[in-house]
Structure formats: C-alpha cells, structure tokens
Amino acid sequence: MSNVTQEPSEPSAQAIAQAEALTATAVEALPDGRLARQLDQGRPLRIKLGIDPTAPDIHLGHTVVLNKLREFQEAGHRVVLIIGDYTARVGDPSGRSAQRPMLDPAAIDANADTFMEQAFKILDRDKTEVRYNSEWLKMESDQLFSLMARPTVARLLERDDFQKRMAAEEPISLLELVYPLLQGYDSVAVEADVEIGGTDQKFNLLFGRDMQSSFEQPLQSILTLPILPGTDGVKKMSKSTGNYIGVTDPPEEMFGKVMRVPDAILGQYWQLLLSEDPPEGAGPNEAKRELGRRLVARFHGPDAPVAAEEHFNRLFVRHEMPDEVEDFSFAEDPAHMPALLAGAFGVSRSEARRAIGQGGVKLDGEAMPAEPLDYPADELDGRVLQLGKRRFRRLVKGA
RNA sequence: GGGGGAGUGCCCGAGUGGUUAAAGGGGACUGGCUGUAAACCAGUUGGCUCUGCCUACACAGGUUCGAAUCCUGUCUCCCCCA
C-alpha cells in the first residue's frame with residue numbers, strides 16, 4: 001500500500017523527535033516509525049477517535065485519550081471525533097466477557113450531546129471535526145454485505161476477547177463479530193491518518209487498517225494508550241462498574257474520590273492524568289491531595305480546590321459535619337426513624353433498622369440507640385441526621 | 001432438524017422432598033484501627049406494621065401433609081451432530 005502515499009522513506013530528524021514526543025506515553029505506536037513519516041508530509045494529520053455514547057458522562061478514563069488528542073491539536077493537527085451513535089447500538093465487544101444490550105436511539109442521542117460538551121472541556125473546538133457514524137453506517141444492506149465480504153471469520157476470531165469467550169462457552173453474537181468492520185469503516189469514511197484508543201482497542205484499531213486497505217486508502221497508524229484503572233484500583237474505569245470519577249462530578253466529590261483511590265495506583269494516576277511523577281518525597285496522602293487539587297482545578301477552575309479540600313478535611317479528617325447539609329422535610333409526628341431514614345437516604349426500612357442497630361445512624365453526631373424508634377417531631381426539627389460516615393440530611397418538620 | 005446440558009439471592013456458586021430466607025466466596029454496607037487508602041478485626045447484607053408476618057430459587061400450572069428440589073407446559077441460554 002505504500003505506493004499510494006507520498007511519504008519520504010527516511011523521516012527527518014525533526015519529525016522523529018516530534019513523533020517521539022507524541023508517543024512517549026503510548027503503549028504502542030504501530031507500525032513502527034510510521035508516525036514520523038506521516039508527520040514529515042508537512043500537512044495537518046487527521047487524528048481519529050471514536051467514542052460510543054453508551055453512558056452520558058465522560059470520566060477520567062476518557063480524558064487520558066482526550067489529552068493525547070489535545071497534544072496533537074497543539075502540534076497543529078486536526079481531531080476527528082466520531083460519535084458512535086450507530087455503533088453504540090451494536091455494542092463493542094472489546095474487553096467484554098458478555099453480550100451487552102442494545103441501546104435505544106433516544107438515549108444514545110442524549111448521551112452524545114452531553115458527551116461532546118464535556119469533551120470540549122479538553123479538546124480545542126476549532127481544531128475538532130465532529131462526525132456521527134450513522135451518517136455513513138446507515139447503509140443499504142447490499143452495501144453492508146459488500147463490506148462483510150472482505151474480512152474472514154478466522155481473522156475476526158483471532159482476537160483475544162472472542163477466544164476467551166469461546167473457551168468459556170459464552171455466546172458471541174454475529175453483531176459483535178461485525179463490530180470491528182463498522183469501526184474500521186469509520187476510518188475509511190473520515191480518511192483517518194492516525195487512530196487513537198486504549199490498549200483494549202488494539203484489535204479494532206488495527207482492523208481499521210484492513211478496511212482502509214480494501215478501499216485502497218492510505219493506512220492509518222495507530223496509537224494505543226494505557227487504560228486508567230478505576231477507583232477500585234483493579235478494573236478499568238467505567239461508569240457501569242461504578243469505579244469512575246466523572247469530569248462533571250462536583251468538586252468535593254471529585255476530591256473525595258481521588259483521596260479514596262488505593263495508594264498502589266497513585267503513580268499511574270499521576271502519569272496518566274498529569275503526565276508527571278508524584279512530587280519527590282511526598283507521602284501518599286500529600287501526593288493524593290495534590291492530584292486531587294490539580295484535577296479539581298482543571299475541571300472546576302483555580303478557586304475550586306480550596307473549598308473541596310476543606311470539605312474533605314472537615315468530613316473525613318475531623319469527622320465534622322459539612323457546612324452545607326441538604327434539608328429533608330418530614331410530616332409524621334411522632335416520626336418513625338426507619339421510615340425517616342428510608343425517605344431521606346433511599347434505603348429500605350430494614351436496612352435503616354440494621355444501621356441503627358449497628359450504631360451507624362447519628363443525630364447531631366451522637367449515635368442513636370436501638371430504642372426507641374419513634375420520636376416527637378419537635379425533638380427532631382432542625383437537627384442533622386447522619387447515615388454512615390458521609391450521608392447527611394437536616395431534618396425539617398414540614399406540613 | 002436431531003441429541004445432550006443449564007437457568008438459585010447484587011455477582012459467582014452449593015443445595016435434588018422436610019430445623020432452607022437458602023452453605024461458601026466475591027462485592028457492598030456498618031463499626032473499630034488508620035493517613036484518606038490498603039491490610040486486619042467484628043457485624044450486616046429480600047421486604048415489612050419485626051419475639052411475628054409476607055415474598056423468594058427463570059415463568060405458569062400440578063403432585064405432596066410438605067418442593068429450589070418430583071411432574072407438565074412455556075421462555076431463555078450453552079454444547080455436540082446435521
């Protein structure tokens with residue numbers, strides 16, 4: 001395929017240096033040396049990222065890739081952000097151990113909107129081209145068949161995920177099998193020069209080259225970036241496993257979540273999110289605090305970290321109440337504690353009873369006794385009800 | 001189309017007629033310790049008007065004094081052969 005490109009065979013020293021800078025944090029940049037030759041073409045490259053809007057929010061895991069795109073933009077290149085409104089309906093099998101349900105189009109569209117808005121917290125709008133892949137994937141079936149005629153089943157089944165699932169005798173839908181084709185066709189449609197993704201995307205990214213090749217296009221090079229572990233320190237960060245830090249999380253929550261991350265992955269967080277090592281000589285506590293401050297500042301502005309950190313100190317270090325507590329108004333008199341807790345925190349009454357029995361419920365900081373369960377409304381009015389360590393509501397006697 | 005296997009609580013997974021709201025593990029929650037975390041210890045983990053009652057082992061019926069366990073049908077999934 002090299003005959004269709006106008007790349008010089010030996011990249012300039014300058015291009016090599018530039019490529020090295022851009023791939024420093026990447027796990028792999030394939031094919032070897034290709035990026036430098038592309039950079040030498042002296043035109044802005046088209047850097048592709050596809051995101052399936054299966055959830056409405058962007059979390060820090062996404063930002064690793066977005067930050068890389070930003071670097072490309074700063075180097076004068078153009079980002080092609082593909083909203084996978086069509087592929088979201090299919091479901092990417094990458095890293096999956098089970099089939100996932102198809103999403104309904106309305107939800108996908110809503111997700112896509114918030115997603116993009118959040119992506120522009122990082123990307124430069126002026127150097128970004130946003131495309132929806134339904135634009136070209138909503139095709140006639142004979143056109144689809146001609147796509148499907150190209151790759152072989154054996155080729156598709158090579159991938160890890162499928163191997164594992166077959167070995168475990170788990171189902172793989174035909175649709176999932178076709179997914180890489182669709183993603184690959186995205187690359188053809190936007191004439192991508194470079195595609196970026198997490199290491200779990202390697203197969204799909206490489207497959208894009210196959211697709212481009214069958215359409216006799218220049219082949220994209222690919223860049224895989226490390227996967228950011230979630231706040232549990234084990235699994236990939238994702239909304240569905242609940243181990244994520246969202247870019248729209250309020251400052252206190254963002255700071256708190258950072259502080260709760262296991263020490264073991266602190267170094268990775270620093271590297272992947274800030275592209276540097278934790279400060280020399282700082283203990284894990286301080287390193288996490290600094291990480292938290294910087295992230296809060298990045299997403300909420302330079303003034304936000306102070307209040308967020310103070311909130312954290314108050315709640316978790318000094319075990320005091322937050323300065324602002326949401327009201328919960330109740331009408332019953334006398335008030336039945338389990339019912340009150342259920343209403344205020346969305347737990348079941350049984351759970352509430354257990355929590356009380358375990359000393360997990362406090363009123364103005366004092367643990368409540370198991371008995372009695374009923375209190376006169378006047379006695380509770382204005383006091384702060386607490387469940388566990390971090391859930392608070394100010395009780396307000398209402399009509 | 002034929003044959004075989006399986007569906008249990010948030011997840012995995014024991015249990016094949018009766019002290020089974022259902023072993024064990026994971027996760028989660030609460031308390032302790034702590035640095036916020038990890039590790040560790042203790043407790044909890046279907047619901048409720050809670051010394052008891054109700055609902056639950058894919059779904060719907062049936063057998064039985066009694067069923068997650070037996071029977072029938074339905075749905076779903078997996079494997080093998082074609």
Taking atom [atom1] in both [N] and [M], compute the distance separating them and give it to the nearest angstrom.
N      : M      : atom1 : value
U45(B) : U63(B) : C1'   : 36 Å
G52(B) : C40(B) : C1'   : 38 Å
C57(B) : G4(B)  : C1'   : 24 Å
A21(B) : A67(B) : C1'   : 15 Å
C59(B) : A68(B) : C1'   : 14 Å
A23(B) : G43(B) : P     : 16 Å
G73(B) : C80(B) : C1'   : 26 Å
A22(B) : G31(B) : P     : 26 Å

Provide, to the nearest angstrom, the distance between the [atom1] atom belonging to [X] and the [atom2] atom belonging to [N].
X         : N      : atom1 : atom2 : result
Met337(A) : C48(B) : CE    : P     : 15 Å
Lys235(A) : C11(B) : NZ    : P     : 13 Å
Asp263(A) : A38(B) : CG    : C1'   : 6 Å
Phe312(A) : A37(B) : CZ    : P     : 7 Å
Asp374(A) : U49(B) : CG    : P     : 11 Å
Asn243(A) : A37(B) : CG    : P     : 17 Å
Ile356(A) : C48(B) : CD1   : C1'   : 15 Å
Glu351(A) : U44(B) : CD    : P     : 15 Å

Point to revise | Cation over ring face, Lys257(A) and Tyr244(A), 6.0 Å, 45° | key: yes
Review point. With sequence neighbours left out, what residues match Phe316(A) under ring-ring contact (aromatic ring centres under 6.0 Å, His included)?
Key: Phe312(A)
Revision key, fill the gap. Pro262(A) has its side chain closest, among A37(B), G47(B), G35(B), to A37(B)
Check your understanding: Does the pair Glu309(A)/Arg293(A) count as a salt bridge with the N-to-O cut at 4.0 Å?
Key -> yes
Exercise for review: Using a strict cut-off of less than 4.0 Å between a Lys/Arg side-chain nitrogen and an Asp/Glu carboxylate oxygen, indicate whether Arg391(A) and Glu326(A) qualify as a salt bridge.
Suggested key: no
Complement of [N], any strand, by Watson-Crick or G-U distances under 3.5 angstrom:
N      : answer
A42(B) : U30(B)
A60(B) : U72(B)
U20(B) : none

Could you list all N or O pairs between the protein and nucleotides 27-33 of chain B that sit under 3.5 Å apart?
residue	atom	partner	partner atom	Å
U30(B)	O2'	Gln358(A)	O	3.3

Check your understanding: For Gln183(A) and Thr87(A), does a side-chain donor sit closer than 3.5 Å to a side-chain acceptor?
Key -> no
Review point. What do you reckon, are the aromatic ring centroids of Phe345(A) and Phe328(A) less than 6.0 Å apart?
Key: no
Check your understanding: So what does Ser350(A) touch, heavy atoms closer than 4.0 Å: a base, only the sugar-phosphate, or nothing?
Key -> base
Check your understanding: Is Pro338(A) touching bases, backbone alone, or none of the nucleic acid, heavy atoms closer than 4.0 Å?
Key -> nothing
Study note, to complete from the structure: In Arg46(A), Arg209(A), Lys48(A), Arg43(A), the residue satisfying salt bridge (Lys or Arg N to Asp or Glu O under 4.0 Å) with Asp193(A) is Arg43(A)
Review point. Which class fits the ring pair Phe115(A) and His62(A): parallel under 30°, tilted 30 to 60°, perpendicular over 60°?
Key: perpendicular
Exercise for review: Kindly say if Arg289(A) contacts the phosphate of A37(B), meaning a side-chain N or O under 4.0 Å from OP1 or OP2.
Suggested key: no
Review point. 5'-most contact on RNA chain B: Ala339(A) or Lys288(A), nearest heavy atom basis?
Key: Lys288(A)
Exercise for review: Apply salt bridge (charged side-chain N to carboxylate O under 4.0 Å, His left out) to the pair Glu253(A) and Arg260(A), showing each step before the final yes or no.
Suggested key: CA-CA 10 Å; Glu253(A) 198 175 328; Arg260(A) 242 169 276 129; over 6 Å; no
